[in-house]
Amino acid sequence: MHIVFAHQAFPAQFGAFGHWLSKQGWSVTFLTADTNATPPKGCQMVHTSEPGQQAQDLQPHARVFEIATLNTLSFGAAATSLRHDHGLVPDVVMAHSGLGVGSFAKSVWPEAHFVPYVEWFYRYPHVDLTEDERPSLPEDARALALARNAPTLVDLAVGDAAICPTQFQADQFPPHLRARMTVLHDGVDCSALTPNTDARMDIAGLSLPDNAEIVTYATRGMELHRGFPQFMRVLSELQKTRPNLHAVIGGEDRVAYGAQLPEGQTWKSRMLEELDLDLSRVHFVGPLPRPDYLRLMQASHAHIYFTVPFVLSWSLIEAMSVGCTLVASDVVPVREALTHRKNAELVDHDNIAATSTSIARVLDDRVYAKKLAQQARKDAIRRYDAAWVWPARAALLETLVKTQQPI
């Protein structure tokens, strides 16, 4: 079997899975726009050219499709070179859908099976809408959502199958499109992400007292979508009654998802200005190397995951695998992984007082906290472990190639 993965970034959702496939005897090629990326051992990689320039006066509703079209042309040119110059004809092309990177796969390789990896279908009103993002013209917002779906719809029109990582994400699609999808998570390496009760928070030069109660929060960006302002308000409440509480916050001071703030403003600066915090007990450690990120979770006494209804972060499943005591938002995508009082405390993160009480509960009752953490790890292994997810994905692709003619 020969598979081509197409994604703007690397390793993204395909790197680890592709490397594993290569060790099972598959031929694996990565197409990526990341010019700094290097292929895993046993795989090959082709870097695509820079997409063309966007038109300056393009109608806003066409902007997303133009960006996708430029990516399509860039990735299509790289695929064409692979076919004509190197004779590469894969059995399967799997592409991250929504940005156009796989939309010409069937044009270059009509005999291959094309499998879009779909993450999101934009609806109106958006399920992930926050109060600060409500549009003034709902009709225009509804039209823009439809326009943003266009690249994904192109992929699904020619896809032989589709994979979606969670049921919540699949449920955003219309039923007639959802029926063709297989819901199967990306998988996390639960054998590498393990508990360590002796772990210390010795990261980024940080040294905490032995009696510290450690509350952790890890994010790509500090934003409304991941409940950063609410976390800081909860932290302010907890500091008033818990003198040994220390918060360790990993991530970048930016917005990764959702509406951007005005130039020069960030949610971190806003919250530090709004709240009277003891900053000697608030530790911003920035983006962390993988080993430090693992130690952050292993040394945590309460790990916080807040989110609006949106794509479930890998970090939540990784925290489950590490055996973190989790306090998380009580929203549909989280409930797919966590159950209140069984493997986590689930909260309305907008209710600052109640959320503070839940965090205090797991800090005060360490027997209860340990029970939650142990069950979370068991559930991570049962539902998300790469040890069975990757073989299941490989079997799905093999069956597709053996039993179905490409569209």
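FYI, side chains are in, hydrogens and waters are out, and symmetry mates aren't considered; it's all heavy atoms of this structure.
- Between D91 and H113, the side chains place no donor N or O within less than 3.5 Å of an acceptor N or O (distance only, hydrogens not considered).
- Classification of the F310-W120 ring pair by plane angle, with boundaries at 30° and 60°, yields perpendicular.
- Salt-bridge formation is detected for the pair R63/E66: a Lys NZ or Arg NE/NH1/NH2 atom is positioned less than 4.0 Å from an Asp or Glu carboxylate oxygen.
- Using bins of under 30°, 30° to 60° and over 60° for the plane-to-plane angle, the ring pair F17/W390 lands in the tilted bin.
- You'll find the side chain of E119 reaches within 4.5 Å of the side chain of V311, heavy atoms only.
- Side-chain contact between T219 and F306 is absent, with no heavy atoms from C-beta onward closer than 4.5 Å.
- Here the closest heavy-atom approach between residue V101 and residue A95 is recorded as CG2-CB, 4.3 Å.
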*Would you check, one step at a time, whether the test ring-ring contact (aromatic ring centres under 6.0 Å, His included) holds for Y117 with F14?*
CA-CA 10 Å; Y117 173 96; F14 300 150; 5.6 Å; yes
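- Atom-to-atom distance recorded for D253:CG and S269:OG is 6.5 Å, nearest 0.5 angstrom.
- In summary, the side chains of Q59 and H61 do present a donor paired with an acceptor at a separation below 3.5 Å, with no hydrogens or angles considered.
- Side-chain contact between H283 and L208: present, with at least one pair of heavy atoms (C-beta onward) separated by less than 4.5 Å.
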*From CA spacing to verdict: side-chain contact (heavy atoms from CB on, under 4.5 Å), M222, M271*: CA-CA 10 Å; M222 300 174 192; M271 300 319 297; over 6 Å; no
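- A heavy-atom distance below 4.5 Å is not found between the side chains of I304 and T216.
- Shown here is D85, whose CG atom has more than 12 heavy atoms of other residues, nucleotides or ligands within 6.0 Å.
- Atom CZ of R200 has 12 or fewer heavy atoms from other residues, nucleotides or ligands within 6.0 Å.
- For CD of Q405, the number of neighbouring non-hydrogen atoms (other residues, nucleotides, ligands) closer than 6.0 Å is 12 at most.
- Between V332 and P309, the closest side-chain pair of non-hydrogen atoms is not below 4.5 Å.
- P39 places none of its side-chain heavy atoms less than 4.5 Å from the side chain of Q44.
- Taking the six-membered ring wherever Trp is involved, the centroid distance between the rings of F30 and F10 falls below 6.0 Å.
- Looking at T339, its side chain never comes within 3.5 Å of a backbone N or O of R335 through a donor-acceptor pair.
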*Determine, step by step, whether S313 and R226 satisfy the side-chain hydrogen bond (donor to acceptor under 3.5 Å, both in side chains) criterion, reporting the C-alpha distance in whole Å, the side-chain angles of both residues, the deciding distance to 0.1 Å, and the verdict.*
CA-CA 10 Å; S313 304; R226 298 308 190 193; 3.2 Å; yes
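- Here the closest heavy-atom approach between residue S321 and residue P195 is recorded as O-CD, 3.9 Å.
- Closest of all the heavy-atom pairs between E252 and P287 is CG-CG, 3.3 Å.
- Note that K268 lies in the cation-pi zone of F284, set by a 6.0 Å cut-off to the ring centre and a 45° limit from the axis.
- The cationic group of R148 lies under 6.0 Å from the six-membered ring centre of Y122 and within 45° of the ring axis, placing it in a cation-pi geometry.
- Remark: D365 does not engage K371 in a salt bridge, criterion side-chain N to carboxylate O under 4.0 Å.
- Proximity of M94 to H7: side-chain heavy atoms (C-beta onward) are nowhere separated by under 4.5 Å.
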*Using the ring-ring contact (aromatic ring centres under 6.0 Å, His included) rule, take H303 and Y305 through it: C-alpha gap first, then chi angles, then the decisive distance, then the call.*
CA-CA 7 Å; H303 186 70; Y305 179 76; 8.0 Å; no
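- Residue Q230 holds its CD atom at 8.0 Å from CH2 of W267, rounded to the nearest 0.5 Å.
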*Would you sort out whether K106 and D160 count as a salt bridge (charged side-chain N to carboxylate O under 4.0 Å, His left out), showing the intermediate values?*
CA-CA 10 Å; K106 284 287 194 178; D160 296 281; 2.8 Å; yes
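- Rounded to the nearest 0.5 angstrom, T325 OG1 and Q374 CD are separated by 9.5 Å.
- Here the shortest heavy-atom pairing between I317 and A380 reads O-CB, 4.2 Å.
- Scanning both residues, C324 and A376, for their nearest heavy atoms gives O-CB, 4.4 Å.
- Taking 4.0 Å as the cut-off between side-chain N and carboxylate O, E318 and R290 count as a salt-bridged pair.
- Taken from OG in S97 to CG in L156, the straight-line distance is 5.5 Å, to the nearest 0.5 Å.
- Residue E111 qualifies as enclosed at atom CD: its count of foreign heavy atoms under 6.0 Å is above 12.
- Looking at heavy atoms from C-beta onward, V334 lies in side-chain contact with T307 at the 4.5 angstrom threshold.
- Shown here for F5 and G18, the closest heavy-atom pair between the two residues is CE1-CA, 3.6 Å.
- Side chain of E237 to backbone of I352: no donor-acceptor contact under 3.5 angstrom is found.
- R123 contributes a side-chain N or O that, together with a main-chain N or O of Q172, makes up a donor-acceptor pair within less than 3.5 Å.
- Between the side chains of T32 and D34, no donor-acceptor pair is found at a separation under 3.5 Å.
- Looking at Y368 and E345, their side chains do bring a donor and an acceptor atom within 3.5 Å of each other.
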_Check against side-chain hydrogen bond (donor to acceptor under 3.5 Å, both in side chains), H349 and S329_ = CA-CA 6 Å; H349 66 246; S329 299; 2.6 Å; yes
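- With rounding to the nearest 0.5 Å, the separation of CG in D128 from CG in L224 is 11.0 Å.
- How far OG of S22 is from CD1 of I3: 11.5 Å, rounded to the nearest 0.5 Å.
- A donor-acceptor pair is defined here as one N or O able to donate and one able to accept, closer than 3.5 Å; such a pair exists between the side chain of E223 and the backbone of Y257.
- T29 and H2 share a donor-acceptor pair across their side chains, judged by distance under 3.5 Å alone.
- Comment: R233 engages E274 in a salt bridge, judged by a side-chain N to carboxylate O separation of less than 4.0 angstrom.
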